[in-house]
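Read the structure below first, then the notes.
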Amino acid sequence: MKTVQVIRRERFNAAHRLFNPNWSDEKNEQIFGKCANKNWHGHNYTLFVTVKGPVDNDTGYVIDLKVLSDIIKNRIVDKMDHKNLNLEVDFMKDTITTAENIAIKIYEELESDIQATGNNLYSVKLYETENNYVEYYG
């Protein structure tokens, strides 16, 4: 059976601070530089969610993109857009908000809802800047 990767792009803006609470302010600044700024900083994130699977003979879909869009909106964008990732996003609690950790948490947040559609989440790619991005495959 042939498989296809279906990819949905979403965007959100959020503030955060890279900070390990077990370290001193000096050590956080030494490790994370200006990203440890106590007054936060922000990014315009671009998120790519990839679902991989066989094409359904009846619909011609791997997954209905409207359904995928709704899942991402409900589970991610509504929770993260224009929020402080360190303070306001429940699934980021007690997590250092690096792009790596954000991608992992987004994957974990989406996985069960996508599985409930009968599909498998393949990857989450998160652009923090136009030059820096991470990708997580679960």
Original post:
Are Phe48 and Val62 joined in one hydrophobic group, where the rule is that I, L, V, M, F, W and Y side chains link up if heavy atoms are under 4.5 Å apart?
Top reply: no

For this session: Indicate whether any N or O donor in one side chain lies under 3.5 Å from an N or O acceptor in the other, for Asn131 and Thr129.
Result: no

Donor-acceptor pair, side chain of Asn13 and main chain of His82, under 3.5 angstrom: no

Are Val89 and Lys105 close enough that some pair of their side-chain heavy atoms sits under 4.5 Å apart? no

So with a 6.0 Å cut-off around CZ of Phe32, is the heavy-atom count from everything else above 12?
yes

For Leu85 and Met92, the nearest pair of non-hydrogen atoms, with its separation, is O-CB, 3.5 Å

Between Ile102 and Thr97 the two heavy atoms that sit nearest each other are CD1-O, 3.5 Å

Q) Side chains of Leu65 and Val6: does their closest heavy-atom pair fall under 4.5 Å? A) yes

Going only through I, L, V, M, F, W and Y residues with side-chain contacts under 4.5 Å, is there a path from Val51 to Tyr107? yes

Tightest non-hydrogen contact, residues Asn28 and Ala36, listed as O-CB, 3.7 Å

Closest non-hydrogen contact found for Arg75 with Phe91 is O-CE2, 3.7 Å

NE2 (His43) and SG (Cys35) are apart, to the nearest 0.5 Å, by 5.5 Å

Side chains of Arg9 and Thr46: does their closest heavy-atom pair fall under 4.5 Å? yes

Measure from the side-chain N and O atoms of Asn119 to the backbone N and O of Gln115, and report whether any donor-acceptor pair falls under 3.5 Å.
-> no

With under 30° as parallel and over 60° as perpendicular, where do the rings of Tyr45 and Phe12 fit, or are they tilted in between? parallel

With side chain to side chain contact (heavy atoms under 4.5 Å, CB included) as the criterion, how do Ile71 and Arg8 come out once you've worked through the C-alpha distance, each side chain's angles and the decisive distance to 0.1 Å? CA-CA 11 Å; Ile71 291 170; Arg8 175 74 188 178; over 6 Å; no

| task | For residues Ile76 and Leu47, determine if any side-chain heavy atom of one lies less than 4.5 Å from a side-chain heavy atom of the other. | result | yes

Are Tyr122 and Val49 connected in a single hydrophobic cluster, I mean Ile/Leu/Val/Met/Phe/Trp/Tyr linked by side-chain heavy atoms less than 4.5 Å apart? no

task = State plainly whether one hydrophobic cluster holds both Phe19 and Trp23, where clusters connect Ile, Leu, Val, Met, Phe, Trp and Tyr through side-chain heavy atoms under 4.5 angstrom apart.
result = no

- Message: Does atom CG (Asp25) have a neighbourhood of more than 12 heavy atoms from anything else shown, all under 6.0 Å?
- Response: yes

Heavy-atom closest pair (Asn86 atom, Arg17 atom, distance to 0.1 Å) is OD1-N, 2.8 Å

(request) List the steps and the verdict of side chain to side chain contact (heavy atoms under 4.5 Å, CB included) for Ser69 and Glu10. (result) CA-CA 8 Å; Ser69 174; Glu10 298 286 347; 3.4 Å; yes

- Does the side chain of Leu87 come within less than 4.5 Å of Trp40's, by heavy atoms? yes

Give a yes or no answer on whether the side chain of Asn84 reaches the backbone of His16 with a donor-acceptor pair at less than 3.5 Å.
no

Exercise. Out of curiosity, does Leu121 fall in the hydrophobic cluster containing Val55 (side-chain heavy atoms, cut-off under 4.5 Å, transitive links)?
Worked result: yes

Heavy-atom nearest pair, Ile106 first then Leu126, reads CD1-CD1, 4.5 Å

* Asked: Is there side-chain contact between Asp113 and Asn74, with at least one heavy-atom pair below 4.5 Å?
  -> no

One should read off an interatomic distance between Met80 CE and Asp90 CG, to the nearest 0.5 angstrom, of 9.5 Å

Using a cut-off of 6.0 Å, state whether more than 12 heavy atoms not belonging to Lys73 lie near its atom NZ. no

Q. Can Asp64 and Thr59 be said to form a side chain to side chain contact (heavy atoms under 4.5 Å, CB included), step by step?
A. CA-CA 9 Å; Asp64 183 333; Thr59 65; over 6 Å; no

